[in-house]
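So the structure is just underneath, and the comments pick up after that.
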Amino acid sequence: MRVLIVEDDGVLADGLIRYLQQAGYGTLLAGNGHEADLMLSNEEFDVVILDLGLPGLDGVEVLRRLRARKQQVCVMIITARDAVEDRVLGLDRGADDYLIKPFALAELEARLRAILRRRMASTGSEIAYGPLVLDLEARRATLQGEPLRLTAREWQLLEFFVLRAGKMVSKSQIAAAISNSDNDPSQTSIEVHVSRLRAKIEGAGIRIRSIRGFGYYLERPAD
Ligand code: CA
């Protein structure tokens with residue numbers, strides 16, 4: 001899951017990034033409203049954690065623009081206690097939930113899971129792919145009914161491949177999808193992660209094919 005954190009308070013932002021990365025989310029930071037608007041226009045995220053009081057463009061305007069572009073990303077507003085009207089306005093404009101500062105990071109993560117669960121309720125959070133089953137909410141995979149032990153990076157890669165099964169994906173698409181604020185993966189490190197992931201799943205007949213000079217694709221189980 002890829003999270004954009006929009007927060008101009010550096011200390012709070014650092015805490016959020018550390019906590020969510022440890023919980024297995026990919027995180028990117030925007031420190032002001034214009035930066036957030038630009039990133040949301042150009043990249044895909046699963047969730048936006050949006051502060052309302054921002055320099056430049058405020059959070060309500062960022063949200064208004066996001067929804068005007070018909071983007072379906074989940075939005076969690078974080079705001080100061082005295083901004084009650086802003087909060088109501090935010091929910092009217094299409095935020096999924098809000099939290100009042102200060103909040104416990106565990107509470108934020110629990111709310112994020114609840115939002116994502118609601119969002120996935122229509123499709124269910126499990127994806128079966130031949131002998132491989134991914135639980136997107138719990139971020140766990142099983143292979144032939146046995147738990148598959150994956151690093152955070154390998155999980156991100158596997159989720160990315162399975163959601164795009166049968167389609168070619170370039171190394172730069174992969175890098176963008178699994179990057180986070182303090183660690184942009186190089187092409188070489190992607191190759192290393194892919195080869196480790198392969199070793200864990202190919203015994204069960206699931207193949208990640210290389211396309212020379214471009215990237216990869218995950219073969220459909222019946223291919
Ligand atoms: Ca702020």
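From a predicted model like this one, the values you see are computed outputs, not experimental measurements.
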- Following the transitive rule for hydrophobic clusters with a side-chain heavy-atom cut-off under 4.5 Å over Ile, Leu, Val, Met, Phe, Trp and Tyr, establish whether V6 and L38 coincide in one cluster. no

- Query: If you group Ile, Leu, Val, Met, Phe, Trp and Tyr by side-chain heavy-atom gaps below 4.5 Å, do L63 and I100 land in one group?
  - Reply: yes

- Nearest-0.5 Å distance that lies between atom CG in D97 and atom CG in L112: 9.0 Å

- Message: Set out, in order, the CA-CA distance, both residues' side-chain angles and the distance that settles side chain to side chain contact (heavy atoms under 4.5 Å, CB included) for I5 and L20, then state yes or no.
- Response: CA-CA 10 Å; I5 296 166; L20 291 177; 4.2 Å; yes

- Cluster link I208 to V133, ILVMFWY, side chain under 4.5 Å: no

- Residues K171 and E191 bridged, charged N to O under 4.0 Å: yes

- Under a 4.5 Å side-chain heavy-atom rule over Ile, Leu, Val, Met, Phe, Trp and Tyr, are V192 and L157 clustered together? no

- Message: Within the 4.5 Å heavy-atom criterion, are I211 and Y217 side-chain neighbours or not?
- Response: yes

- Note on the structure: Tightest non-hydrogen contact, residues A95 and I77, listed as CB-CD1, 3.5 Å

- Message: As an exercise, state the distance from CG of D51 to CG of L12, rounded to the nearest 0.5 Å.
- Response: 7.5 Å

- Query: How far does CD of E126 sit from OG1 of T142, to the nearest 0.5 angstrom?
  - Reply: 7.0 Å

- Task: Begin from the C-alpha positions of D9 and K101 and carry the test salt bridge (Lys or Arg N to Asp or Glu O under 4.0 Å) through to its verdict.
- Result: CA-CA 12 Å; D9 176 337; K101 296 180 190 177; 5.8 Å; no

- For L40 and R69, run side chain to side chain contact (heavy atoms under 4.5 Å, CB included): C-alpha distance rounded to whole Å, both residues' side-chain angles, the deciding distance at 0.1 Å, then the answer. CA-CA 10 Å; L40 286 164; R69 289 190 296 267; 3.6 Å; yes

- Item | Side chains of V48 and V3 in contact at under 4.5 Å (non-hydrogen atoms) | no

- Quick one: does D46's side chain get under 4.5 Å of V73's, heavy atoms only? no

- Test item: side-chain donor near acceptor, R198 and S210, under 3.5 Å: yes

- Query: Between R196 and E154, is there a side-chain N and carboxylate O pair less than 4.0 Å apart?
  - Reply: no

- In terms of heavy-atom contacts, A30 and L4 come closest through N-CD1, 4.1 Å

- When rounded to the nearest 0.5 Å, the distance separating CG of L50 from OH of Y98 is 15.0 Å

- Hey, what do you get for CD1 (I206) to CG (L132), rounding to the nearest 0.5 Å? 4.0 Å

- Query: With a 4.0 Å cut-off, would you call E159 and R2 a salt bridge?
  - Reply: no

- Item | Test item: R65 and L57 side chains (from C-beta on) under 4.5 Å apart, heavy atoms | yes

- Query: Between L218 and R207, is any pair of side-chain heavy atoms under 4.5 Å apart?
  - Reply: no

- Message: Using a strict threshold of under 4.0 Å (side-chain N to carboxylate O), is an ion pair present between D37 and R64?
- Response: no

- Side chains of V75 and L66: does their closest heavy-atom pair fall under 4.5 Å? yes

- Task: Would you check, one step at a time, whether the test side chain to side chain contact (heavy atoms under 4.5 Å, CB included) holds for D8 with N32?
- Result: CA-CA 6 Å; D8 59 319; N32 64 60; 5.9 Å; no

- Task: Could you tell me whether the side chain of Q22 and the main chain of R18 form a donor-acceptor pair under 3.5 Å?
- Result: no

- Message: Within 45 degrees of the ring normal and closer than 6.0 Å to the centroid, is that where the cationic atom of R139 sits relative to Y25?
- Response: yes

- Message: How about CD on E202, more than 12 heavy atoms from neighbouring residues, nucleotides or ligands closer than 6.0 Å, or not?
- Response: yes

- Within-4.5 Å side-chain heavy-atom neighbours: F214 and V169: no

- Message: In the structure I gave you, are the side-chain heavy atoms of F161 and V194 within less than 4.5 Å of one another anywhere?
- Response: yes

- Message: What verdict does the side chain to side chain contact (heavy atoms under 4.5 Å, CB included) test give for L148 and L158, after you've listed the backbone C-alpha separation in whole Å, the side-chain angles of each residue and the deciding distance to 0.1 Å?
- Response: CA-CA 11 Å; L148 190 58; L158 184 61; 4.2 Å; yes

- Message: Would a single hydrophobic cluster contain both F103 and I115, if residues Ile, Leu, Val, Met, Phe, Trp and Tyr are joined by side-chain heavy-atom contacts under 4.5 Å?
- Response: yes

- Message: Using a strict threshold of under 4.0 Å (side-chain N to carboxylate O), is an ion pair present between R111 and D96?
- Response: no

- Query: CG/L29 to CG/L16 distance, rounded to the nearest 0.5 angstrom?
  - Reply: 9.0 Å

